[in-house]
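Below is one structure, written out as structure tokens; the observations come after it.
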Amino acid sequence: MSMRTTAPSAVRSLALAVLASTAVAGCGAGGLATPQTSTAAHKQPAPEASAAKVVANPLPTKVANEPSVRENVVQTKCASVPGGWGAEGTAKNPGKKAVTYKIVVYFTTKKATTLDFAQARVTVPPGRTVPWKASKHFHTDGEMLCPMPGISVET
């Protein structure tokens, strides 16, 4: 069996080429080395592991919102209720006729994943302020937020 010999300079050149390509592949922004890991060997947990068990319910595709009436509706509480989550607040009517507000509240995780929603309809006599509540029964893990994407006046 014959063995092929390679010149030492060719071996060094090949080693330098492999080393250079490895260094280039491992550099991220700013020229700092970035560790290369296998996803199979080091599986990252889901961004919200606690919310992974929670199933999001269908949300409305259209939400009425009138920015001009938002100042009349205030949320004062966002908290757990038995079997779910709820929001409450007050609605005022500075006008001369009764008004009915439709308030849509989303229930989201702290990382803004919307899991469910609830609506409240509240009729407010002229010159008065009345309380409103919106709650929904669904499984939650941890603290939720209660943004209000839709506040409108029903006619």
Side-chain angles (χ1 to χ4, degrees), residues 16-155:
L16 285 173
V18 169
L19 195 59
S21 66
T22 303
V24 169
C27 286
L32 300 174
T34 311
Q36 302 294 317
T37 59
S38 163
T39 354
H42 302 286
K43 235 180 169 175
Q44 295 290 330
E48 282 188 62
S50 63
K53 298 178 242 168
V54 179
V55 178
N57 291 317
L59 299 173
T61 56
K62 293 182 181 178
V63 177
N65 184 47
E66 297 175 42
S68 62
V69 298
R70 279 192 163 272
E71 65 186 25
N72 298 331
V73 178
V74 176
Q75 185 182 120
T76 58
K77 188 174 182 182
C78 174
S80 65
V81 297
W85 210 264
E88 58 185 70
T90 59
K92 70 179 180 181
N93 179 359
K96 297 184 192 276
K97 295 191 306 186
V99 65
T100 300
Y101 294 106
K102 179 180 176 183
I103 305 160
V104 178
V105 180
Y106 279 179
F107 300 112
T108 71
T109 64
K110 288 178 116 178
K111 293 187 178 182
T113 301
T114 304
L115 300 179
D116 215 325
F117 77 102
Q119 298 180 75
R121 283 184 173 78
V122 59
T123 301
V124 185
R128 302 280 312 268
T129 299
V130 299
W132 62 266
K133 288 185 181 185
S135 64
K136 192 69 165 268
H137 294 280
F138 63 100
H139 178 72
T140 65
D141 277 345
E143 191 173 337
M144 303 289 289
L145 303 174
C146 303
M148 300 184 301
I151 299 173
S152 60
V153 173
E154 292 190 329
T155 54

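- Using a 4.5 Å heavy-atom cutoff, the side chains of Gln75 and Cys146 are in contact.
- Considering all non-hydrogen atoms of both residues, Lys136 and Ala118 come closest at CB-CB, 4.3 Å.
- When side chains are defined from C-beta on, Val105 does not count as touching Gln119, because their heavy atoms never get closer than 4.5 Å.
- Contact record, Trp132 with Ala87: CZ3-O, 3.7 Å, taken as the closest heavy-atom pair.
- Two residues are said to be in side-chain contact when any heavy atoms from C-beta on lie closer than 4.5 Å; Val63 and Tyr106 meet this criterion.
- Under the side chain to side chain donor-acceptor pair (under 3.5 Å) criterion, Glu71 pairs with no residue, sequence neighbours left out.
- For the residue pair Thr129 / Thr90, no side-chain donor-acceptor distance below 3.5 Å is found, with atom types taken as modelled.
- Shown here are the side chain to side chain contact (heavy atoms under 4.5 Å, CB included) partners of Val69, two or more places apart in sequence or in another chain: Glu66, Asn72, Tyr101, Ile151, Val153.
- Put simply, the side chain of Val122 reaches to within 4.5 Å of the side chain of Ile103, judged on heavy atoms.
- Met144 is listed as a side-chain neighbour of Leu115, based on a closest heavy-atom distance under 4.5 Å.
- More than 12 heavy atoms of other residues, nucleotides or ligands sit less than 6.0 Å from atom CZ of Arg70.
- Checked against the 6.0 Å centroid threshold, Phe107 and Phe138 count as a close aromatic pair.
- One distance of note links NZ of Lys77 with CD of Glu88; it measures 5.0 Å at 0.5 Å rounding.
- Rounding to the nearest 0.5 angstrom, the gap separating the OG1 atom in Thr140 from the CG atom in Asp116 is 10.5 Å.
- Residues Asn65 and Gly150 come closest through the heavy atom pair OD1-CA, 3.8 Å.
- The SG atom of Cys78 sits 10.0 Å away from the CE atom of Met148 when rounded to the nearest 0.5 Å.
- Under a 3.5 Å cut-off, the side chain of His139 and the backbone N or O of Gly84 do not form any donor-acceptor pair.
- Between Pro60 and Phe117, some side-chain heavy-atom pair lies under the 4.5 Å cut-off.
- Closest heavy-atom contact between Gly86 and Val81: N-CG1, 3.9 Å.
- Here the side chains of Pro147 and Thr108 are in contact, with some heavy-atom distance below 4.5 Å.
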